[in-house]
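Just below is one structure, and these are the notes that go with it.
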Amino acid sequence: MCFRKRPGSSAAAQIYTGPDLIESPMSRYDRNQPTRNHRSNPCCFCWCCCCSCSWNEDRNRRRRLSRDTKLEIVPHCEVCSKPSSEEVCSWASSFEKLMKNPAGRNVFREFLRTEYSEENMLFWLACEELKKDYCKHSIEDKARMIYEDYISILSPKEVSLDSRVREMINRRMQEPSSHTFDDAQLQIYTLMHRDSFPRFLNSGVYKSLLQNISRSSSES
């Protein structure tokens, strides 16, 4: 773990700057693990374009490298039930409703993957899981993994944050808590809302889902 001393401060006033540039045991463990089989994914629904059915396996295999993360707390696809046509339609008028719905997050995450910005959703989900933890040791471990995966400039999944928020995170990492990344999470939520969400509504991912759900409702 790396700390740097803030100019003009005592030896105790140090700022967390990320992990040492060495390979961690966790990284070696992850690299040696066999590729997971997603055929039995319990959240697999053919209505959802992030489905891991056998017919979709080739596309998923091509994306596995970009989806993998060291954080076990972020699932590849959230367990959810099939959304109603009313729910799918409501997402068009409310980003908040989309983000509160597991099915909505799955579909939006699939769209973000096509834009190579899935890390924004992964980071947001990791922060949500962190806030549910009340064990101090576990919180510290998860906070450092989140930092390494999404905040560190050395990470391929680094999210886009301004310097003010980054400085705040570095200070809070001296004593990590379940709310260490609150400001960063809000900034990424706002980025997804203003930047990615409008394109999502005009994308084939959303329009195709909307048509399929509407067709299923009319046939039933």
Side-chain angles (χ1 to χ4, degrees), residues 1-3 12-20 22-31 33 36 38 41-43 50 64 66-81 95-110 112-113 117-162 164-193:
M1 186 186 308
C2 297
F3 289 88
Q14 297 176 325
I15 298 177
Y16 182 77
T17 59
D20 294 324
I22 58 174
E23 184 178 34
S24 67
M26 181 177 292
S27 299
R28 291 194 296 272
Y29 174 81
D30 288 345
R31 189 178 63 246
Q33 294 308 299
R36 294 178 180 174
H38 294 280
N41 192 336
C43 63
C50 63
R64 246 168 230 150
S66 65
R67 292 190 308 186
D68 285 344
T69 175
K70 290 183 293 183
L71 286 173
E72 293 293 337
I73 57 177
V74 179
H76 287 306
C77 187
E78 295 182 76
V79 176
C80 62
S81 57
F95 183 66
E96 182 179 3
K97 288 182 179 179
L98 171 76
M99 291 295 285
K100 285 184 176 180
N101 189 304
R105 291 194 296 267
N106 281 338
V107 177
F108 186 53
R109 179 172 166 183
E110 172 70 10
L112 293 176
R113 194 173 297 138
S117 58
E118 184 188 13
E119 65 275 4
N120 290 333
M121 178 65 80
L122 293 174
F123 172 67
W124 188 89
L125 289 170
C127 291
E128 287 295 290
E129 289 299 318
L130 179 64
K131 286 188 282 191
K132 297 176 184 177
D133 204 325
Y134 297 97
C135 173
K136 187 176 187 297
H137 179 72
S138 177
I139 287 174
E140 290 178 350
D141 285 344
K142 287 180 180 179
R144 282 177 170 78
M145 284 194 292
I146 290 174
Y147 188 99
E148 292 176 21
D149 269 341
Y150 305 111
I151 309 300
S152 171
I153 60 174
L154 302 177
S155 172
K157 291 181 179 291
E158 178 193 6
V159 295
S160 179
L161 300 170
D162 62 38
R164 178 190 63 83
V165 171
R166 285 185 175 278
E167 183 68 21
M168 189 177 300
I169 291 174
N170 287 336
R171 289 198 300 269
R172 289 176 178 173
M173 284 299 294
Q174 296 176 58
E175 294 184 12
S177 74
S178 57
H179 297 283
T180 294
F181 303 100
D182 281 2
D183 294 278
Q185 186 186 22
L186 177 60
Q187 191 167 106
I188 294 303
Y189 180 94
T190 302
L191 176 65
M192 291 190 293
H193 185 191

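Keep in mind the model is a prediction, meaning the values are calculated, not measured. When reading the values below, keep in mind they use all heavy atoms of this one structure, side chains included, and skip hydrogens, waters and symmetry mates.
Distance OG/S160 to CD/E119: 9.5 Å, rounded to 0.5 Å. Here the straight-line distance linking atom CZ of R166 with atom OH of Y147 works out to 7.5 Å at 0.5 Å rounding. Rounding to the nearest 0.5 Å places CG of L191 at 11.0 Å from CG of L186. T180 OG1 to L130 CG: the interatomic distance, rounded to the nearest 0.5 Å, is 6.5 Å. The distance from atom OH of Y150 to atom CZ of F181, rounded to the nearest 0.5 Å, is 11.0 Å. In this structure, W124 CH2 and E129 CD are separated by 10.0 Å, a value rounded to the nearest 0.5 Å.
Considering only residues two or more places apart in sequence or on other chains, N120 meets the side chain to side chain donor-acceptor pair (under 3.5 Å) condition with none of them. With sequence neighbours excluded, the residues that form a side chain to side chain donor-acceptor pair (under 3.5 Å) with Q187 are D162.
Distance alone, capped at 3.5 Å, places no donor-acceptor pair between the E140 side chain and the H137 backbone. Of the possible donor and acceptor atoms, none in the side chain of E118 sits under 3.5 Å from a partner among the backbone N and O of R109.
Contact annotation: the side chain of I151 never approaches that of M173 to less than 4.5 Å [non-hydrogen atoms, C-beta and beyond]. Between M99 and M121, the closest side-chain pair of non-hydrogen atoms falls below 4.5 Å. Side-chain contact between I188 and L161 is present, with at least one heavy-atom pair separated by less than 4.5 Å.
Within a 6.0 Å radius of CD in E158, other residues, nucleotides and ligands contribute more than 12 heavy atoms.
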Between R164 and E167, does the salt bridge (charged side-chain N to carboxylate O under 4.0 Å, His left out) criterion hold? Intermediate values first, please. CA-CA 5 Å; R164 178 190 63 83; E167 183 68 21; over 6 Å; no
Would you sort out whether R172 and D182 count as a salt bridge (charged side-chain N to carboxylate O under 4.0 Å, His left out), showing the intermediate values? CA-CA 11 Å; R172 289 176 178 173; D182 281 2; 6.0 Å; no
Kindly determine whether S178 and I139 satisfy side-chain contact (heavy atoms from CB on, under 4.5 Å), including the steps that lead there. CA-CA 6 Å; S178 57; I139 287 174; 4.1 Å; yes
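In plain terms, the two heavy atoms of A184 and I169 that are nearest each other are CB-CD1, 3.6 Å. When all heavy atoms are compared, the tightest approach of P176 to A143 is CB-CB, 3.7 Å.
Within the structure, the salt bridge (charged side-chain N to carboxylate O under 4.0 Å, His left out) test picks out the following pairs touching residues 95-104 (sequence neighbours left out): E96-K100.
Below 30°, between 30° and 60°, or above 60°: for F95 and H193 the angle between ring planes is below 30°, a parallel geometry.
The pair R105-E78 meets the salt-bridge criterion, with a side-chain N (NZ, NE, NH1 or NH2) lying under 4.0 Å from an Asp/Glu carboxylate O.
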